[in-house]
Amino acid sequence: MIPNRFDHADAAPRILDRWDTAHCNRADAESDKPPFTIVIPPPNVTGALHLGHGLNNTLQDIVVRCRRMQGYETLWMPGTDHAGIATQAVVERRLKEQENLTRHDLGRDELVRRIWQWKDQYETRILGQLKRMGCSCDWDRLRFTLDQRCAKAVRETFFDLFGKFRIYRGKRLVNWDTFLQTAVSDDEVFSQTKKGHFWHFRYPVIDPKPGEPTHVEIATTRPETMLGDTAVAVHPDPAAALAAVEQATREKLVDAPEKERAAVQAELDRLASRTESMLPALTQLRDMAADGRLVQLPLADRAIPLVADEWAKPELGSGCVKITPAHDPNDYEVGQRQSLPMINILNPDGTFNAATGKYEGLTIPQARRAVVADLEDLGLLGDIEDRDIELPHSDRSKTPIEPYLADQWFVAMAELAQSAMDAVTDERVKIFPARYRKGYLDWLGEKRDWPVSRQLWWGHRIPIWSRGGLDSGQADSMAAEMQQIAKTYPGQIHFRVDADGERSQAVFVCIREENSPAIADVESHGLTQDPDVLDTWFSSALWPHSTLGWPEQTRELDKFYPTQTLITSRDIITLWVARMVLMGLNNLDRVPFDEVFIHPKILDGLGETMSKSKGNGVDPNDIIDKFGPDSLRFGLARLATETQDVRMPVQYECPSCEKLIDQTKKNRSAPRVDCPACSKPFRTQWAESDEDKALPKAAVVSERFETARNFVNKLWNASRFALLNLEGFQPQPIDVATLPIEDRWLLSRLATVTSEVTTAIDTYQFSEAARTLYDFAWDEFCSFYVEIAKPRLAEDADATDRAIAQNVMAHGLDQLLRLLHPIMPFVTESVWGFLGEIAPQRGVPTPAPVESFAMTAAFPVSVESHYDAQIERQFSEFQRIIAAIRQIRASQNIPPRETVPVAIGCQESSRSLLQPMTAYFAALAGADVQQIGPETAAFETDAHLALPEAQVDVHVDLERFIDVDAELFRLEKLLGQITNQITGKEKKLANENFVSRAPVDVVMNERKSLSGLKDQQDAVTRDIAKLKQKA
RNA sequence: GGGCGAUUGGCUCAGUUGGUUAGAGCGCUGCUUUCACACGGCAGAGGUCACUGGUUCGAAUCCAGUAUCGCCCACCA
């Protein structure tokens, strides 16, 4: 009646439905129970979830379910992240591909509307994935980083920081994406090596004095930027700098490996000759710089200064370097140090602007050709070297990045960063594993101000209105007007007047609320709102409190903040975790979470991170389809160890024959693959042609989940056995002390396992928890307890004992289901339902009615009084005897159905234990135990195995089965092993140092085990002699 | 360039404070299909724990160095 496979596809949706109807996931802010809160790391709405998210959310759900069962008022706050630039870029790219439109064709409102559509679509998909995995979030509380609640928190925070002067405006070089026309953050930039050139050219010195050079030679990979040059730099102390480099190279030569010596030597020679040939000229240029001398910037017809700055490396190029502060990050630094003007030569779309005169309107490549040609005409062009150039590219648009000077809003980090560092150093926030503390502290320690403006349309619009170009009189009267507005709407605006360019001033007003009446007043004075939006991490940083309703003083906030733990991946420790800490402290003066657990990353079989762009990404849904949600979860938890990233070889599943085909670099980027098994083709995510698209699609899966799937099946079937044998179950109180040894053994093991699993989950050792449960369920509960219980549960068994066995079995299964539920919620809930029907009241020692859901049942607490070391030791003796009999049987090829006579030589104390277990020897090893006790005699045709640790001799009667050769082979091999060990131990004990220095108990143990081995050796030798005599 | 981590049977990984014969799953070999489960059961083969030194009575484990791989950060006129 109950099928022999767990049908997850059928059961899981119904179980989800039942949990949902009973509101099992819901957290109640009015509850008296202690709170336990986790906020989800909100997945980006850019696309569907992959296995990395699968892992992240599985681990959270394990903790959440465990705490819920432990009686906490548990809130797992779900939501998604608007992911600013990433989402906008995805939608813009699609717009381009499908409709050949840019965002400017649509306009701001329409583009944002399209992105909302996209968001709705993917949010639905993401939530569907999470729900299918069994994530027990409180779905009614679903948040989005761009929803009204979050918007309110964002504005309140911005307003507060602005008022505290922790938000300021400044010009900075940003990574400019000329395609998307926006600044992108450093982490959205990747480098690509391109073939390029190193161009040398000369700038004329203005009015050279006699003996001075007429030209300064510089070299660059970006000739067109010379139009924005505002200086030429030379090192302030070229002699010392050269000497330092030479010294360093000489030291390198000393310990350079053989194959590199020649290269290092050549470099040293080059430096030496360079010092000789160039030092005088560089020194002279340095003096000229100190003298304030100018050079003529060709094509732009500007005089620019020679400056002395350490950025100019005398060992490189010509030793002089052109300085373009507005278009190069390093030159920008030099410009700041040397107070140089900064000339922007680009328009936002990457074309040259009016400042470049006749080059206006040219694209960068066009301008480059023009500049080079013009310099050549002027005779100022020198050598052109070939060179590989690392060119930064935008991760989003895949186009080259231009460093670009732009107005940006910044968050001043000095105090905020310090507060977040303190929280970790004084352990208000604990990071696991602890090694990740360093990265967190180092990054915050730099206290670099946080640029928060993004030139995007998708995000929280910066709540600042401004008007620039004011003279000082206008600025004063504007300030007075704003003062008036501030009075009219108390607490609604902050304003300040600031410099705007060289001569004029600007007024900036920050408005607190989205629908503030102050907005109309402010705008009536000609102020307009900043078009930029905030960095997506600004709203993410508020996630733990914005989702609970801050800045409102809600019951939820009171009950569920601060949260207890955060489970996330290591690449956002700085971007997200650190910022949540400092924002939590700023807004609520309390850290947002007590503990942070950083879990491993999932890599594919080639050791690469999974991503859709590589084609090795795995959709959790595909794994669920093939293996079921419990297998997905168990498999991930089992692999999530503390030290290692998870290496997960990935396969295509052939849609025709269901064979798994290993992914290789080659086939994972192909649009179609021919199945090597059935030779039918299938398509991949890359299919483009209509022909390919018509093929069936292969799911990308991993056979790594097979073990977990088998485990689910094992548990299901053990449960099935128990259920089938609980017929007529009657709850009754149990006197544990009078139970047979196997029952007390099970209770003792349950006590141990419960405490181990609890500790493992408390300390984020998910792999350990999963393994402990796997081993216990499979090797102990199924392989021993269930097997032993079989005769006791049989219909013809003693009725009294059968009733007891049923009670213990029901209890054992009950406890196992509870322990496994956080990791495998579906199969356990399913079995829980069946068990509840047949045994609605259960428990040892006192039966009680059970909860209707495993999900809301109490998590087991280790019953210390059930732990019994003596029983566990005795039982393992029993297990070892079983193994010994099986070993002998196997070596003799005794057919499984045959029963063999067995004699067990043991101490008197063990006899009373083993005697009642005769039936189990029969059931587990096909043994007919004829004698047990100290005076046991060997059989006439005897196979003998000594278990010295247990002081037990196992004899099997081979009368009917003897295969002399096989038995001799077994004994000779055994003798060899024993002899080897004896040799090792004798050697060890002969070592005077060992005997005198090692602890007494270690030495004693060695002696004891040696004498045991020697007895065994004698016995085996005798057995061999006897056997040979016989033969 | 700086930091972090890894290197254990064919594959993927465990291995607690140094202490008997280094474990598991998959794969492999042999046996096994009325009796919960063949997604099962039993037995077995397979490892000089990356390398070189050191500390120690004793090292997969601690220390130093080397090699390879991975991740993060910085830098690249």
Side-chain angles (χ1 to χ4, degrees), chain A residues 2 4-6 186-187 191 198 218-222 225 233 257 311-313 316-318 320-324 328-331 389-390 392 433 435-436 438-439 442-443 446 570-571 573-574 600-601 603 605 607-609 627 631 638-639 641 643-649 702-704 706-725 767-768 771 774-775 782-783 786-787 790 794 883 886-891 893-897 924-926 949 977-978 980-981 984-985 988 991-999 1001-1003 1005-1006 1008-1010 1013:
Chain A
I2 307 176
N4 71 353
R5 301 262 168 99
F6 174 54
D186 288 346
D187 47 278
S191 257
F198 204 44
I218 54 101
T220 179
T221 55
R222 298 281 314 265
T225 63
W311 171 238
K313 305 280 191 291
L316 292 178
S318 65
C320 295
V321 58
K322 67 194 258 319
I323 303 297
T324 323
D328 181 277
N330 294 299
D331 291 8
I389 294 167
E390 291 283 312
R435 64 175 184 277
Y436 291 113
K438 189 172 157 53
D442 287 354
W443 185 80
E446 291 181 25
R570 76 170 93 91
D571 35 5
I573 295 173
T574 53
K601 300 193 71 146
L603 311 174
E608 298 183 31
T609 53
F627 299 103
S631 310
R638 178 68 188 76
L639 292 170
T641 62
T643 49
Q644 287 264 108
D645 282 338
V646 177
R647 184 80 73 99
M648 184 169 295
S702 174
E703 62 190 359
R704 199 95 310 181
E706 273 179 11
T707 306
R709 191 260 325 264
N710 295 351
F711 181 51
V712 170
N713 184 248
K714 187 74 179 176
L715 180 71
W716 175 256
N717 275 291
S719 305
R720 202 166 140 243
F721 169 82
L723 293 167
L724 293 171
N725 285 281
S767 175
E768 187 66 25
R771 189 178 34 197
Y774 180 96
D775 290 347
C782 295
S783 295
V786 168
E787 289 304 324
K790 277 178 182 171
R886 284 171 172 170
Q887 214 179 328
I888 292 170
R889 290 186 64 122
S891 69
N893 286 315
I894 298 174
R897 283 191 211 174
L924 272 71
E949 308 89 335
Q977 283 169 355
I978 295 168
N980 275 342
Q981 284 175 51
K985 284 195 195 301
K988 203 167 182 181
N991 183 341
E992 186 51 40
N993 278 329
F994 172 70
V995 177
S996 60
R997 299 213 197 180
D1001 56 322
V1002 172
V1003 178
N1005 274 338
E1006 287 294 309
K1008 216 170 119 189
S1009 111
L1010 177 62
L1013 283 166

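Note that the coordinates shown come from a computational prediction; the quantities given were computed from them, not determined experimentally. Throughout, protein chains are lettered first and strands after them, A, B, ... in sequence-line order, and every chain is numbered starting at 1.
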Once you round it to whole Å, what is the distance between [atom2] of [N] and [atom1] of [X]?
| X | N | atom1 | atom2 | value |
| --- | --- | --- | --- | --- |
| A:Glu787 | B:G40 | CD | P | 14 Å |
| A:Leu724 | B:A36 | CG | C1' | 7 Å |
| A:Ile978 | B:U20 | CD1 | P | 19 Å |
| A:Arg435 | B:C72 | CZ | C1' | 12 Å |
| A:Ile894 | B:G41 | CD1 | P | 22 Å |
| A:Tyr436 | B:C72 | OH | P | 11 Å |
| A:Trp443 | B:G2 | CH2 | P | 23 Å |
| A:Phe711 | B:C39 | CZ | P | 18 Å |

Provide the Watson-Crick or G-U wobble partner of [N], both distances under 3.5 Å; none if there is no partner.
| N | answer |
| --- | --- |
| B:G1 | B:C73 |
| B:U7 | B:A67 |
| B:G30 | B:C42 |
| B:A59 | none |
| B:U16 | none |

Remember a base hit wins even if backbone is also touched, and classify [X] as base, sugar-phosphate or nothing at under 4.0 Å, heavy atoms.
| X | value |
| --- | --- |
| A:Arg5 | base |
| A:Glu446 | nothing |
| A:Lys790 | base |
| A:Arg709 | base |
| A:Ala998 | base |
| A:Pro895 | nothing |

Is there a side-chain contact between [X] and [Y] (heavy atoms, below 4.5 Å)?
| X | Y | answer |
| --- | --- | --- |
| A:Ile573 | A:Arg570 | yes |
| A:Arg886 | A:Leu924 | yes |
| A:Val712 | A:Phe627 | no |

When you get a sec, tell me which of [options] is the closest nucleotide to the side chain of [X]?
| X | options | value |
| --- | --- | --- |
| A:Asn4 | B:C13, B:C37, B:G3 | B:C37 |
| A:Gln887 | B:U12, B:A36, B:G44 | B:G44 |
| A:Asn717 | B:U12, B:C71, B:A36 | B:A36 |
| A:Gln981 | B:A36, B:U21, B:U20 | B:U21 |
| A:Val1002 | B:U32, B:A36, B:G19 | B:G19 |
| A:Arg647 | B:A43, B:C13, B:C71 | B:C13 |

Just to confirm, is there a sub-4.0 Å distance from OP1 or OP2 of [N] to any side-chain nitrogen or oxygen of [X]?
| X | N | value |
| --- | --- | --- |
| A:Lys601 | B:G70 | no |
| A:Lys985 | B:U20 | no |
| A:Arg897 | B:U34 | yes |

Whole-Å [atom1] distance, [N] and [M]:
| N | M | atom1 | answer |
| --- | --- | --- | --- |
| B:G19 | B:A38 | C1' | 42 Å |
| B:G10 | B:G47 | C1' | 12 Å |
| B:C62 | B:A24 | C1' | 26 Å |
| B:U20 | B:G54 | C1' | 26 Å |
| B:U61 | B:G44 | P | 29 Å |
| B:A45 | B:C51 | C1' | 28 Å |
| B:C49 | B:A36 | P | 45 Å |
| B:G15 | B:A22 | C1' | 8 Å |

Every protein N/O within reach of nucleotides 22-27 of chain B N/O, cut-off under 3.5 Å:
| residue | atom | partner | partner atom | Å |
| --- | --- | --- | --- | --- |
| B:G25 | O2' | A:Thr707 | OG1 | 2.4 |

Rounded distance (nearest 0.5 Å) linking atom [atom1] of [X] with atom [atom2] of [Y]:
| X | Y | atom1 | atom2 | result |
| --- | --- | --- | --- | --- |
| A:Arg222 | A:Asp331 | CZ | CG | 11.0 Å |
| A:Ile978 | A:Leu1013 | CD1 | CG | 7.0 Å |
| A:Ile894 | A:Ile888 | CD1 | CD1 | 8.5 Å |
| A:Lys985 | A:Ser1009 | NZ | OG | 3.5 Å |
| A:Arg720 | A:Asn713 | CZ | CG | 9.0 Å |

(message) The test is side-chain contact (heavy atoms from CB on, under 4.5 Å); show your working for A:Val1002 and A:Phe994 and say whether it passes.
(response) CA-CA 10 Å; A:Val1002 172; A:Phe994 172 70; 4.0 Å; yes
If you find the nucleotide of RNA chain B closest to A:Asp442 and the one closest to A:Leu639, which residue's nucleotide is nearer the 5' end?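 Result of the comparison: A:Asp442.
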Quick check: on RNA chain B, is the nucleotide nearest A:Leu603 upstream (toward 5') of the one nearest A:Ala718, or the reverse? Name the residue that is more 5'.
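So the residue in question is A:Ala718.
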Review point. Would you say the base of B:C4 and the side-chain of A:Lys438 have a donor-acceptor pair closer than 3.5 Å?
Key: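 No, no donor-acceptor pair under 3.5 Å.
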Across all chains, not counting sequence neighbours, the side-chain hydrogen bond (donor to acceptor under 3.5 Å, both in side chains) partners of A:Ser767 are A:Arg638
- With a distance cut-off below 6.0 Å to the six-membered ring centre and an angular limit of 45° from the axis, does A:Lys790 pair with A:Phe721 as a cation-pi contact? yes
